[in-house]
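The block underneath contains the structure these notes are about, expressed in structure tokens.
When a ligand or atom number is given, it counts from 1 through the structure's own listing order.
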Amino acid sequence: MEEPKFIFITGGVLSSLGKGVAAASIATLLESCGYRITLSKFDPYINVDPGTMSPYQHGEVFVTEDGAETDLDLGHYERFTSVTLGRDNNQTTGKIYLSVIEKERKGKYLGKTVQVIPHITNEIKDRIFKVAKNVDFVIVEIGGTVGDIEGLPFLEAIRQMRNELGKERTLFVHLTLVPFLKSSEELKTKPTQHSVKELRAIGIQPDLILCRTEKWLSDDIKDKIALFCNVKPKNVITAIDVKNIYQVPLFFKREGLPERVFEELNLPFREGDLSPWVNLINKMESLEGEVVVGMVGKYVALKDAYKSLIEALVHGGVENNVRVIFKWINAEEIDDENIEDYLGDVDSILVPGGFGERGIEGKIKAIKYAREKKIPFFGICLGMQCATIEFARNVCGLKDANSTEFDENTPYKIFFKLRELVDVEEFGGTMRLGGFECDLKKDSLARRIYGKDRVVERHRHRYEFNLEYEEILKKCGLSFSGKSPDGKFVEIVELKDHPWFLGCQFHPEFKSRPLYPHPLFVSFINAAISFKENRNE
Ligand code: GLN
């Protein structure tokens, strides 16, 4: 296609209807037809990025290859497609206002009164166009719910885009809820009617309505929604509840969604190849065994905080033909008396990334347990740091060894801040973010798993291993199997006399996709299966 087309996804009625997965699934379908796609998320909050928000507020912070801290929907976008997104694919009200205000301070508006329309809306449109390079479709998800005050500038900007580009280059997709009332046993369309009314009041007439619901919509219901919402009946699509989010593209296909998109945008019909996704679902539905992963973390009550991690473990499970059962363990509750109750029955232990001191001692106890009982252990970022600290304390006898993040006065600073290290001032900011190269040591577990000498993995952390302790830890048996090419940063540690004990300073979960599961997770789950088999023998 010569010029890209824009598909805008808005949401109505309430939040958490799965707009991100809907946007990602539309992208899957278009990509399966051979189209080049990209996705962009516009979040209406005033934070410049979600990096500083609590996981309780926002769920996981997804880190892109180019080092942006973004909304977790970007994780869905990457997992559902083959694209790699970057900082330009996630915008927030904060980012947009910040840049408009900076321009105003520099006198770029030539003395004009700076206003929401046109200055903010132009900035929004510029940022939509910025990602529209070398693609056929840009799928733009507008965060929040129609009717929120915060979302208005975004909706106004996309309204203008329809006016400027016309109907063949823009498509409005609105996701709503059609609840099923158990008492009267009927699906209710009123919330959808109101939501679309709200959207039309600000000048947007949706072309397609995706109705999130627990029952397939009958033709009567679709006709009713079509009539009240001023859309074609065939453009009312059932977005049925699913057990497995990777089914969504296939259900959308069944509802004829690609055909509807092509017709509205005046494109010839193309049949996509969804066979990899069909195979994936078949595989996921016929998994034969299961393994238990003990997840020892801080935000165990909020699964969204570990979204990519959970997905990556599931991908690793599918590749090994097993279901992954998560046993969530609050690190703060672990002590010497109860550790057996928490970890005695798991097939593997994972300590995920995190910030701050809470739960650290519990995590270290869990790691000691995994090391001594030879339970497969995977430490990610903070988990790797805790594993190294545990080893320094309990194997090398460096009593009270720690990271300066948790104890500034520790006698053995095993991890300390990037800027306290020599020669790394050029990083400027306080965190190491995004993709960095890592060289793998010959004959290491990591090298065997990846099957190559150099990998690029994504980072999000402030503290680094202190190389002063490399020799002593090495002598005691810790292997430093992954390092940055310049040798300054330790990326992977592992234990030799253990079936599977590996900690990595990066977050491999951000790069795992269902069709391309990450090798570390595949190998970890494989080790859990072996552990379980041996225990049962
Ligand atoms: N808190 C640690 C650091 O900043 C680990 C970060 C993480 O696990 N993402 O280095």
Side-chain angles (χ1 to χ4, degrees), residues 49-56 58-65 67-70 72 75 295-300 302 304-310 312-313 331-332 349-364 366-367 377-392 401-408 410 412-421 424 427-436 438 457-467 469 482-484 488-493 502-512 518 520-521:
D49 63 45
T52 52
M53 283 156 97
S54 153
Y56 280 117
H58 194 266
E60 161 187 281
V61 172
F62 185 79
V63 180
T64 56
E65 198 69 12
E69 298 177 277
T70 69
L72 56 74
M295 302 282 282
V296 182
K298 186 160 83 169
Y299 298 103
V300 291
L302 185 84
D304 263 4
Y306 301 115
K307 189 94 211 151
S308 295
L309 186 57
I310 294 171
L313 286 160
E332 281 181 292
I349 295 174
L350 190 148
V351 176
F355 292 84
E357 203 199 330
R358 257 177 51 204
I360 292 298
E361 293 307 318
K363 289 176 191 175
I364 288 176
I367 295 166
F377 168 78
F378 198 175
I380 294 179
C381 205
L382 180 73
M384 171 270 204
Q385 298 176 353
C386 289
T388 312
I389 293 165
E390 190 278 323
F391 192 84
N402 218 328
S403 162
T404 55
E405 180 178 10
F406 319 124
D407 177 8
E408 274 191 42
T410 166
Y412 306 108
K413 296 182 165 128
I414 305 290
F415 286 86
F416 59 4
K417 251 190 200 155
L418 209 55
R419 58 172 175 265
E420 292 162 8
L421 284 168
V424 291
F427 279 103
T430 63
M431 279 225 236
R432 190 143 78 106
L433 284 167
F436 288 90
C438 165
E457 292 283 5
R458 298 185 195 170
H459 293 245
R460 179 174 185 247
H461 58 107
R462 272 190 196 95
Y463 294 81
E464 297 286 350
F465 177 72
N466 181 352
L467 287 170
Y469 291 95
K483 275 192 181 175
S484 58
K488 281 187 186 141
F489 299 101
V490 167
E491 301 282 15
I492 307 177
V493 296
L502 186 146
C504 52
Q505 187 59 84
F506 47 80
H507 290 270
E509 67 271 27
F510 293 137
K511 290 180 92 160
S512 187
H518 193 290
L520 286 177
F521 291 95

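- Salt bridge K511/E65: present, at least one basic N to carboxylate O contact under 4.0 Å.
- Backbone and side-chain nitrogen or oxygen atoms of L382 are examined, and one is located within less than 3.5 angstrom of a nitrogen or oxygen of ligand 1.
- Under the 4.5 Å side-chain criterion, counting only non-hydrogen atoms from C-beta, V490 is not in contact with Q505.
- The shortest contact between atom 9 (N) of ligand 1 and any protein heavy atom is with R460 O, 2.8 Å.
- For the 3.5 Å distance criterion, the side chains of E457 and H518 qualify, holding a donor opposite an acceptor.
- Taking atom 7 (C) of ligand 1 as the reference point, the nearest protein heavy-atom neighbour is C381 SG, 3.0 Å.
- The protein heavy atom nearest to atom 10 (O) of ligand 1 is Y463 N, 2.8 Å.
- How far CD of E464 is from CD of Q385: 8.0 Å, rounded to the nearest 0.5 Å.
- Contact between H507 and ligand 1 is present, with at least one heavy atom of the residue lying under 4.0 Å from the ligand.
- In terms of protein heavy atoms, atom 2 (C) of ligand 1 is closest to E405 OE1, 3.2 Å.
- At a heavy-atom cutoff of 4.0 Å, ligand 1 is contacted by the side chain of Q385 but not by its backbone.
- Between R462 and F355, the closest side-chain pair of non-hydrogen atoms falls below 4.5 Å.
- Nearest non-hydrogen protein atom to atom 4 (O) of ligand 1 is R462 N, 2.9 Å.
- Under 4.0 angstrom from ligand 1, there are no non-hydrogen atoms of M431.
- Under the 30°/60° scheme for interplanar angles, the aromatic rings of F378 and F521 are found to be tilted.
- Under 4.0 Å is where a charged nitrogen must lie from a carboxylate oxygen, and between E509 and R460 no such pair does.
- Of the candidates G383, G354, G379, G353, the one placing a heavy atom closest to atom 6 (C) of ligand 1 is G354.
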